[in-house]
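First up is the structure itself, then whatever we jot down about it.
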2 protein chains.
Amino acid sequence: MSSGDLEVRQLRYFVAVAEELHFGRAAARLGMAQPPLSRSIRELERQLGVTLFERTTRQVRLTAAGEVLLRDARTALEAVTAAAHRARQAGSASPRLRIALKADVDGGLLPQILHTYGADGASLPSELVLGGFGEQPQALRDGIADVGLVLCPFDGRGLDSEPLLTEPVLVALATADPLTARTRLSLADLAGRKLPGGSPASHGRPVERPSRTEAEWPASNLSEIFSLVETGSVVFFAPASVARRYPRPGIAYRPVSDLPDATLAVAWPQEARSPAVAAFVRAACAVAAAGHARTEALLQSPTP
Amino acid sequence: MSSGDLEVRQLRYFVAVAEELHFGRAAARLGMAQPPLSRSIRELERQLGVTLFERTTRQVRLTAAGEVLLRDARTALEAVTAAAHRARQAGSASPRLRIALKADVDGGLLPQILHTYGADGASLPSELVLGGFGEQPQALRDGIADVGLVLCPFDGRGLDSEPLLTEPVLVALATADPLTARTRLSLADLAGRKLPGGSPASHGRPVERPSRTEAEWPASNLSEIFSLVETGSVVFFAPASVARRYPRPGIAYRPVSDLPDATLAVAWPQEARSPAVAAFVRAACAVAAAGHARTEALLQSPTP
DNA sequence: GCCATTGATACCCTGGTGGTATGAGTTCGG
DNA sequence: CCGAACTCATACCACCAGGGTATCAATGGC
């Protein structure tokens with residue numbers, strides 16, 4: 001037995017094959033030829049003493065053990081890449097707090113949060129890490145960012161989080177859309193409308209892992225999405241704070257009665273121990289609480 | 001840059017050097033020569049673009065980036081070995097639920113828990129994984145066990161847990177000990193007495209990572225410890241349920257007034273999704289709740 | 001100032017890792 | 001029923017990464 005322990009390369013290969021369920025495609029994705037990949041998987045199975053795939057010449061399927069390994073291998077790979085990224089960051093000449101978020105999806109709190117955070121003694125210079133919908137948790141797990149603003153629900157494996165604010169979700173329609181005649185819509189009204197994601201309007205964000213390439217998204221940023229909305233080719237669900245930021249003449253926003261409110265949260269890796277992360281979380285919670293209190297006050301006393 | 005990504009071997013090497021702070025000793029521990037180890041660390045630093053150690057010929061110190069990497073590398077290595085162990089287990093012909101505990105430290109609940117668990121439809125045959133004090137959390141992180149019984153407080157990184165029962169801690173003394181004359185003791189009374197761990201009685205269990213070899217523990221199991229207690233060479237702190245199990249004539253148990261109660265908890269890896277683990281946790285909580293209710297009843301109605 | 005200690009450098013060599021060519025089994029069309 | 005296409009496995013080869021040995025160089029203690 002030369003077994004001893006697994007290597008990262010073996011895990012990468014395994015995940016590639018497990019995701020493609022096809023040795024040739026997996027090899028292509030890995031930039032290598034198929035035979036060494038087959039051999040490597042076989043060697044992995046030998047080391048583990050376990051069959052990971054059931055192969056026919058026409059089909060490759062994961063065994064139960066393979067399913068288990070796929071899950072654990074993914075988290076192990078995340079942990080390794082996170083170690084690398086965090087070490088690089090910690091060794092850099094100018095250490096920074098890297099904040100992951102989707103551009104404009106900050107509930108309008110970001111400037112205030114940054115201000116409060118900057119006043120904290122434990123604060124480091126901050127840096128924004130912008131990413132697409134739902135990519136923030138992965139960025140945190142991979143060590144690309146230290147803390148993030150995310151929309152609930154999100155994939156919280158290995159993360160801790162604290163909710164900041166909850167706000168209604170509006171639908172953005174072209175002003176020309178007949179539905180704008182109504183002041184309130186339901187999901188049923190929107191059935192069949194296309195979403196920027198490309199898929200028909202079922203509701204909610206894509207839950208599966210976003211391994212798809214950017215190319216599949218016809219529009220990757222909100223400006224482009226709202227341009228599409230303006231032309232009437234798609235509709236788009238946006239939290240109220242995002243809607244406030246894009247008050248275009250060609251777009252109308254309407255509340256959706258049966259869509260749950262969107263909750264913005266601050267999230268960070270569970271094992272995070274950095275004082276800067278703690279300071280940012282403190283600042284975010286404080287700003288959210290202040291905003292909440294202000295809203296409450298407005299509601300309580302309509303005539304101040 | 002041939003960097004791309006880290007390899008497990010590099011992380012193992014780094015952790016060894018970071019723990020030993022000495023290339024020669026680290027190399028010996030890894031079963032290899034010193035020069036390739038030095039070269040490997042240098043290559044790692046080059047890949048990361050970060051200095052991990054400050055070396056003089058007389059001293060090796062971790063840099064800040066090194067500290068960060070040490071923490072993350074440990075968790076990454078845990079994740080990798082866990083993946084291997086869990087895959088092996090999942091692929092075995094007779095899958096089992098592996099329960100980690102320290103022998104006899106189960107609050108007397110284990111038989112009942114196993115009985116209840118066995119009646120659950122989702123249950124698998126169970127297997128006990130016995131380990132020393134505080135080794136259970138590590139066993140769970142390394143994928144050696146699926147669920148465990150642990151004493152609080154414990155190193156809960158990556159684990160979820162549920163408390164089961166809380167009971168007072170007694171001190172075990174030789175019957176010949178003059179302190180047995182008193183019915184109640186405080187920690188101050190025991191100052192200076194030796195504990196089985198070898199260190200003087202400060203109180204509590206060793207908190208640092210138990211990487212020490214078994215040889216450092218003069219007694220590795222409770223039978224041996226209680227033999228030492230009988231001879232008067234050490235005293236020993238034991239939860240009441242453990243004391244009940246060793247009612248030896250040569251040993252007297254006394255409550256310790258200023259020692260916090262011991263809490264037994266059931267713990268499992270956060271990412272665990274197995275129905276068998278869920279069934280065991282359910283069973284453990286149910287049995288604990290039942291026992292708790294029984295105790296309450298006894299206290300409420302002293303004359304039934 | 002000499003010596004012991006310890007990390008770095010130089011060099012060699014083995015084995016693992018990847019490439020190419022090809023075989024073998026399965027499925028589908030005719 | 002046969003052949004073509006597809007796909008995974010096997011055989012064999014080549015390269016270099018990773019480990020070993022010998023040695024140097026720098027530092028600190030006596």
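Below, read A as the first sequence line, B as the second, and so on, with proteins coming before strands; counting in each chain starts at 1. Remember, predicted model here, so these are calculated numbers, not experimental data.
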Q.
If the cut-off is 4.0 Å, is R55(B) near the phosphate of dT6(C), judged by side-chain N/O to OP1 or OP2?
A. no

Q. What one-letter contact string describes nucleotides 23-30 of chain C from 5' to 3', where B marks a base within less than 4.0 Å of any protein heavy atom, S marks contact via sugar-phosphate atoms alone, and - marks no contact?
A. --BBS---

(Q) Any side-chain to backbone donor/acceptor pair from Q10(A) onto I41(A)? Under 3.5 Å, distance only. (A) no

Q: Tell me what F53(A) touches on the nucleic acid: a base, only sugar-phosphate, or nothing, going by heavy atoms under 4.0 Å.
A: nothing

Q: Send over the distance from R42(A) CZ to dA11(D) P, rounded to a whole Å.
A: 12 Å

Q. Considering only dT21(D), dC8(D), dG18(C), which nucleotide approaches the side chain of V60(A) most closely?
A. dC8(D)

Q. Do D146(B) and F280(B) touch side chain to side chain, with heavy atoms closer than 4.5 Å?
A. no

For nucleotides 11-15 of chain C, give me every protein contact, N/O to N/O, under 3.5 Å, one pair per line with atom names.
none

Q) If you look only at pairs with a residue in residues 39-98 of chain A, which of them pass as a ring pair (Phe, Tyr, Trp, His ring centres under 6.0 Å), with sequence neighbours excluded? A) F14(A)-F53(A)

Q. Whole-Å distance between dA25(D) P and F23(B) CZ?
A. 20 Å

**Q.** For P137(A), all residues meeting side-chain contact (heavy atoms from CB on, under 4.5 Å), sequence neighbours excluded
**A.** R141(A), V150(A), F154(A), L159(A)

Q) Looking at dA8(C), dG19(D), dT17(C), which one has an atom nearest to any side-chain atom of S38(B)? A) dA8(C)

Q. Which residues, if any, of residues 25-35 of chain B bring a heavy atom under 4.0 Å of DNA chain C?
A. Q34(B), P35(B)

Q: May I have the distance from L37(B) (atom CG) to dG7(C) (atom P), rounded to whole angstrom?
A: 9 Å

Q | Partners meeting ring-ring contact (aromatic ring centres under 6.0 Å, His included) with Y13(A) (sequence neighbours left out) | A | none

